[in-house]
Protein chains: 2
Amino acid sequence: MSTTPGQPDAGRLYRRYLSAVMLHGHASAKACDLGATDLYALNVLELSGPMTPGELGARTGLTTGPTTRLIDRLEQAGYVRRVPASDDRRKVIVEPVGKPAGLDQVMAPARQKVGEILAGYSPEQLDVLFDYFDRAARAYEEAADVLRSGV
Amino acid sequence: MSTTPGQPDAGRLYRRYLSAVMLHGHASAKACDLGATDLYALNVLELSGPMTPGELGARTGLTTGPTTRLIDRLEQAGYVRRVPASDDRRKVIVEPVGKPAGLDQVMAPARQKVGEILAGYSPEQLDVLFDYFDRAARAYEEAADVLRSGV
DNA sequence: AGATTTATCTTCTTCAAGGAAGAGAGTAGG
DNA sequence: CCTACTCTCTTCCTTGAAGAAGATAAATCT
C-alpha cells in the first residue's frame with residue numbers, strides 16, 4: 001500500500017470494503033434473478049440452518065402469505081427444499097439443498113479471488129484473519145438481531 | 001460436511017461471515033425504509049464518489065426514468081444532494097450529503113462493535129487485516145463489474 | 001444561426017412483492 | 001370423542017418500483 005496503513009483513512013478503507021462486499025452480493029443476486037428478500041432469506045438459512053416457514057417468515061419480517069411464496073420461489077429455483085418435520089406433521093422444514101444452484105456459481109469467481117488472496121498469507125496471518133472473521137460475524141449477527149427486534 | 005479438527009471449516013466460517021455482513025446491511029436498509037436498489041446506489045456512490053444520474057443509472061442497471069426517481073427518493077430521504085455541474089448546465093452531480101442520515105446512524109452499533117474488535121489487535125495484526133480489506137475490496141469490485149457487464 | 005446530439009426529467013403502463021383474511025390439516029387436552 | 005389451538009397454504013387486494021416513450025433544456029457541430 002502506498003500510504004501508511006495507520007489511522008487516516010482506515011475507516012474509509014473499511015467502508016469501501018463493506019460496500020464492495022454488499023455490492024458484489026447484490027450484483028450476484030441480480031444475475032440470478034433473485035430478489036432482495038430472497039437473498040436475505042438464503043442468508044438467514046445459511047446462518048441459522050434449516051427452520052420452519054413460520055420462523056423464516058419471522059426472521060425476514062414477512063407475514064405468512066409472502067413467506068409461502070418466498071419459499072416457493074427459492075424451491076423452484078433449486079436453492080431450498082421442503083421436507084416434512086418428523087415430530088409434527090403440520091410442520092415443514094425449509095433446508096438449503098445439498099447442491100447449491102446458480103448463486104454459488106455466480107459467486108465462484110469472487111470466492112476464487114479471495115481464496116488466492118488468502119493463500120498469500122502465512123499461517124499466523126491467517127489465524128488473525130479468521131479470528132477476525134469469526135468475531136465480526138458474531139458482531140454483525142448481533143447487530144442485525146437488534147435491528148430486527150427494534151423494528 | 002467434513003469437519004477437520006485444527007482447520008475448522010475455513011470456508012464455512014468465511015461464508016458465515018459474508019452472510020452476516022450482508023444480513024446486517026439488509027436489515028439496516030430495511031430499518032431505514034430503503035429499497036434494495038437504493039442501498040445498491042448508495043454503495044456505488046460510496047465507492048466511486050459523486051457522479052451524474054446517467055452514470056448512476058448505468059451502474060445500477062436502470063433506465064433514465066427509474067434513475068430519476070431513485071435519486072428523488074434518496075434526496076428526499078436526505079442521503080444525497082443534486083448539485084448543478086459547473087462545466088455543463090444540463091448535467092447534475094449526485095453526491096452523498098455531508099451529514100449522513102439514518103443509515104449511518106443505524107449502522108453505528110455494528111461499526112462500534114467492529115471498532116472494538118479491531119482495537120484488540122496489535123499494529124502488525126492490523127496491517128494484515130487492512131491489507132486484506134484493501135485487496136478483497138478490489139477483488140469484489142472487480143467481480144461485481146464482471147457480473148454487471150455480463151448481464 | 002440551424003440541426004443534431006446529449007442529459008435529465010415527466011407520464012403512463014406493467015409487474016412483482018407484501019399485507020390481510022380465511023381455509024385445510026394436524027396436535028393437544030378435557 | 002370433541003373442542004380449541006397451531007401451523008401452513010391459498011386468495012384477493014394494494015403498493016411500489018421498473019420499463020417505454022416522449023418532452024425540455026443545453027451543448028456541439030456544420
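Here is how names work: the chains are called A, B, and so on, in the same order as the sequence lines, proteins then strands, and each is numbered from 1.
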| Can you tell me if the side-chain N/O atoms of B:R89 get under 4.0 Å from OP1 or OP2 in D:dA27? | yes
| Ignoring hydrogens and geometry, is there a side-chain-to-backbone donor-acceptor pair from A:T60 to A:G57 under 3.5 Å? | yes
| message | Using only atom types and a distance under 3.5 Å, with no angle test, would you say the side chain of A:Y17 pairs donor to acceptor with the backbone of B:F130? | response | no
| request: Would you check, one step at a time, whether the test side chain to side chain contact (heavy atoms under 4.5 Å, CB included) holds for B:D104 with A:R15? | output: CA-CA 11 Å; B:D104 267 26; A:R15 291 178 57 149; 3.4 Å; yes
| said: Quick check on DNA chain C: between A:R90 and A:G35, whose nearest nucleotide comes earlier from the 5' end? | reply: A:G35
| A:P96 versus A:L45, closest heavy-atom pair with distance | CG-CB, 4.2 Å
| Shortest non-hydrogen contact from B:Y140 to A:A20? | CB-O, 3.7 Å
| query | Among the clusters formed by ILVMFWY side chains lying less than 4.5 Å apart, do A:V92 and A:L56 turn up in the same one? | reply | no
| Should B:L39 and B:M51 be counted in the same cluster of Ile, Leu, Val, Met, Phe, Trp and Tyr side chains packed under 4.5 Å apart? | yes
| query | Quick one: do B:E75 and B:R82 make a salt bridge, cutoff under 4.0 Å? | reply | yes
| Do B:D145 and B:R148 meet the salt-bridge criterion of a basic N to acidic O distance under 4.0 Å? | yes
| Going by heavy atoms closer than 4.0 Å, what residues in residues 36-54 of chain B are next to DNA chain C? | B:T52, B:P53, B:G54
| message | Below 4.0 angstrom, which residues in residues 55-76 of chain B have at least one non-hydrogen atom near DNA chain C? | response | B:T64, B:G65, B:T68, B:R69
| message | With a strict under 4.0 Å distance from non-hydrogen atoms of chain B, what nucleotide opens and what nucleotide closes the contacted stretch of DNA chain C, reading 5' to 3'? | response | C:dT6 to C:dC12
| field | Length of the CG-P vector between B:D88 and D:dT28, whole Å | value | 7 Å
| query | Hey, are B:Y121 and A:D131 close enough side-chain-wise for a donor-acceptor pair under 3.5 Å? | reply | yes
